[in-house]
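First up is the structure itself, then whatever we jot down about it.
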Amino acid sequence: MRIALFTPFSPELGGGSAQLRSHLHYLPELDVRWYYLAHQPAANSRCKWLGPRLTTSALLSDLSARTGFLPGSKSPVKNLVEQMDADLYWVVGHYEGISVAAELIAQGKRVHLTIHDDPFATWIRSQRYRMFRPLLHSTFPNLLRAAKSIDVTSWGMRNLYRQKYGVQCFALYLHVAALPQPSTSPDPRYLTIGHIGTLYHPQPFLRFVAACKKLAQEQDRNLRIIRIGASPEMDAIAAQDREMFASHGDLSEENAIPLLAACDFLYAMYPAGKKYQLFRRTSLPIKISTYVQAQRPVFAHTPADSTLACVVTKYKIGAVCVAGIEDHIATNIRILLQHPVPRENFARAASDLMGSTQVQQLEAALCGEDWRHFPESDCP
């Protein structure tokens, strides 16, 4: 069976592509051709570049035409669909992916949906798309109900979609075959904190950094923050103290893990507030998979209702800090540093979140087999 995988992003960049690459690596027997939109073609010639991403006006025009909300045109998306030919279409439902999946279903094609980020949670945080969320209200629920099968990135999203939309779906995270053996360890002269990827909001992180400075001074250590990947919010903060921040840019996971394994602990955050509520309850940052492989404690700076807090608490791989006050943050860090995380805790998290069972469930869904009999985990 020929499978066309469509993503509105490059197969080489970002957490979403890393997640998909991990699944495809485990399922080499599947006949999958990856089609994508990006600013420029990727080096991988086995993937087919369909051109740059649609403009905002073109995407909104397409969704308007599909909903009758405003006059619009489906032509750009129909042109994308015409360039793909397969027995099953595997579509990441993110921005253009929503329109592509809707067009494929309108043409009677079989579609498997992957949802990494809930579109309502994404659009409410976007200055550009926030006002156009009504376009999603009919398109996205109908899309979920028409898809042959759906995988989502977390328990929280799975449970929400079952309850809110009445659709069956399964949770699927990045796959890791086995935990690596750590080759580095923290330098006692420094208080070293690691971070990879996007910083969702600068203010909690600024308070966190202030608490770390205070703690490092108390312990007569230098503070060092290892950052990997791009984040405009963190760029501005790092520019104020370049000696404290060691910026490494985009790295492969293989090269990132030793740097993170040399840290005292690793930072992850989800912001508080209603604007971020749906996002933090349904998404699960891909950085957690890298942190688990680095096997260093995770400092989860987040409200207690988030998937991040749930994972860190359930598997006992770090500490959850809901505090926004500098002194309270420092207290939480002290407690974290006093309680090392056993390796078996990371191993259990890796097995439950990133084990082979979940990818086997994906294979069953893509091949049209019964994927509903697989065991499920949950996180209250």
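Worth knowing before you read on, the calculation uses all heavy atoms, side chains too, and leaves out hydrogens, waters and symmetry mates. Because the structure is a prediction, the values reported are computed rather than measured.
- Taking all atoms of both residues into account, the shortest heavy-atom contact from Ile150 to Ala147 is CG1-CB, 4.1 Å.
- Using modelled atom types, one side-chain atom of Ser154 and one backbone atom of Thr282 make a donor-acceptor pair closer than 3.5 Å.
- Looking at Asp264, its side chain does come within 3.5 Å of a backbone N or O of Thr192 through a donor-acceptor pair.
- Taking CD1 from Ile225 and CG from Leu223, the interatomic distance works out to 5.0 Å, rounded to the nearest 0.5 Å.
- Taking the charged nitrogens against the carboxylate oxygens, Asp187 and Arg221 have no contact shorter than 4.0 Å, which rules out a salt bridge.
- The CD1 atom of Ile115 sits 4.0 Å away from the CZ atom of Phe140 when rounded to the nearest 0.5 Å.
- In Glu243, the CD atom is not crowded: 12 or fewer heavy atoms of neighbouring residues, nucleotides or ligands sit closer than 6.0 Å.
- Here the shortest heavy-atom pairing between Ala238 and Arg227 reads CB-NH1, 4.0 Å.
- Panel note: side chain His23, backbone Tyr173; a donor-acceptor pair is recorded below 3.5 Å.
- The shortest heavy-atom contact between Leu113 and Ala101 is CD2-CB, 4.0 Å.
- Within the 3.5 Å criterion, the main-chain N or O of Cys263 finds a donor-acceptor partner in the side chain of Arg296.
- Between the Gln358 side chain and the Met354 main chain, no donor and acceptor come within less than 3.5 Å of each other.
- In this structure, Asp305 pairs ionically with Arg280, as a charged nitrogen and a carboxylate oxygen lie closer than 4.0 Å.
- Between Gly318 and Val312, the closest heavy-atom pair is C-CG1, 3.6 Å.
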Legend entry - side-chain contact (heavy atoms from CB on, under 4.5 Å) between Leu215 and Leu337, intermediate numbers included: CA-CA 11 Å; Leu215 197 59; Leu337 293 173; 4.0 Å; yes
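- Here the side chain of Glu12 pairs a donor or acceptor atom with the backbone of Ala43 at under 3.5 angstrom.
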Legend entry - Worked check of side-chain contact (heavy atoms from CB on, under 4.5 Å) between Tyr291 and Ile317: CA-CA 10 Å; Tyr291 289 2; Ile317 57 172; over 6 Å; no
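- A cation-pi arrangement, defined by a distance under 6.0 Å to the six-membered ring centre and an angle within 45 degrees of its axis, is present between Arg33 and Tyr35.
- Under the 3.5 Å distance criterion, the side-chain polar atoms of Ser138 are left unmatched by any main-chain donor or acceptor of Thr67.
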Could you give the side-chain donor-acceptor pairs of residues 193-208 under 3.5 Å, partners two or more places apart or in another chain?
from	atom 1	to	atom 2	distance (Å)
His201	ND1	Gln203	N	3.2
Arg207	NE	Gly324	O	2.9

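- The local environment of NE2 in His248 is crowded, with over 12 non-hydrogen atoms from other residues, nucleotides or ligands closer than 6.0 Å.
- How far OG of Ser73 is from CG of Asp62: 7.5 Å, rounded to the nearest 0.5 Å.
- Using modelled atom types, one side-chain atom of Ser64 and one backbone atom of Leu60 make a donor-acceptor pair closer than 3.5 Å.
- Listed here is the closest heavy atom pair of Ser10 and Ser17: O-CB, 3.3 Å.
- Closest of all the heavy-atom pairs between Val359 and Leu172 is N-CD1, 4.0 Å.
- In the hydrophobic cluster analysis, where Ile, Leu, Val, Met, Phe, Trp and Tyr join through side-chain heavy atoms closer than 4.5 angstrom, Leu50 is grouped apart from Trp90.
- Judged by a 6.0 Å distance limit and a 45° cone about the ring axis, Lys164 is positioned over the six-membered ring of Phe120.
- Other residues, nucleotides and ligands contribute at most 12 non-hydrogen atoms within 6.0 Å of the CG atom of Asp220.
- Between the OH atom in Tyr267 and the SG atom in Cys212 there is a gap of 9.0 Å [rounded to 0.5 Å].
- In this structure, the side chain of Trp49 engages the main chain of Ala38 through a donor-acceptor pair within 3.5 Å.
- In this structure, Lys74 does not pair ionically with Glu103, as no charged nitrogen and carboxylate oxygen lie closer than 4.0 Å.
- Between the CG atom of Leu24 and the CZ atom of Arg46 there is a distance of 9.5 Å, given to the nearest 0.5 Å.
- Within 6.0 Å of atom CD in Gln217, 12 or fewer heavy atoms from other residues, nucleotides or ligands are found, so the atom counts as exposed in its surroundings.
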Legend entry - Steps toward side-chain contact (heavy atoms from CB on, under 4.5 Å) verdict (Ile329, His301): CA-CA 9 Å; Ile329 296 171; His301 200 185; 3.8 Å; yes
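- Both Leu191 and Val341 belong to a single network of hydrophobic side chains, linked directly or stepwise wherever heavy atoms of I, L, V, M, F, W or Y lie under 4.5 Å apart.
- With hydrophobic clusters built from ILVMFWY side chains whose heavy atoms lie under 4.5 angstrom apart, Phe374 does not share a cluster with Leu353.
- Less than 6.0 angstrom separates the ring centroid of Phe279 from the ring centroid of Tyr270.
- Note: Leu80 CG to Ser99 OG = 9.5 Å, rounded to the nearest 0.5 Å.
- Taking a cutoff of 4.0 Å between a charged side-chain nitrogen and a carboxylate oxygen, Arg334 and Glu218 qualify as a salt bridge.
- In the hydrophobic cluster analysis, where Ile, Leu, Val, Met, Phe, Trp and Tyr join through side-chain heavy atoms closer than 4.5 angstrom, Tyr129 is grouped apart from Val92.
- One finds a salt bridge joining Arg2 and Asp87 here, because a Lys/Arg side-chain nitrogen approaches an Asp/Glu carboxylate oxygen to under 4.0 Å.
- With respect to Leu143, the side-chain contact (heavy atoms from CB on, under 4.5 Å) criterion is satisfied by exactly one of Ile98, Leu104, Leu136: Ile98.
- Residue His25 qualifies as open at atom NE2: its count of foreign heavy atoms under 6.0 Å is 12 or below.
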Legend entry - Verdict with reasoning, Leu362 to Tyr26, per side-chain contact (heavy atoms from CB on, under 4.5 Å): CA-CA 11 Å; Leu362 171 65; Tyr26 185 83; over 6 Å; no
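- Checked by atom type, the side-chain pair His112/Ser149 shows a donor-acceptor distance below 3.5 Å.
- No donor-acceptor pair under 3.5 Å is formed between the side chain of Thr7 and the backbone N or O of Tyr36.
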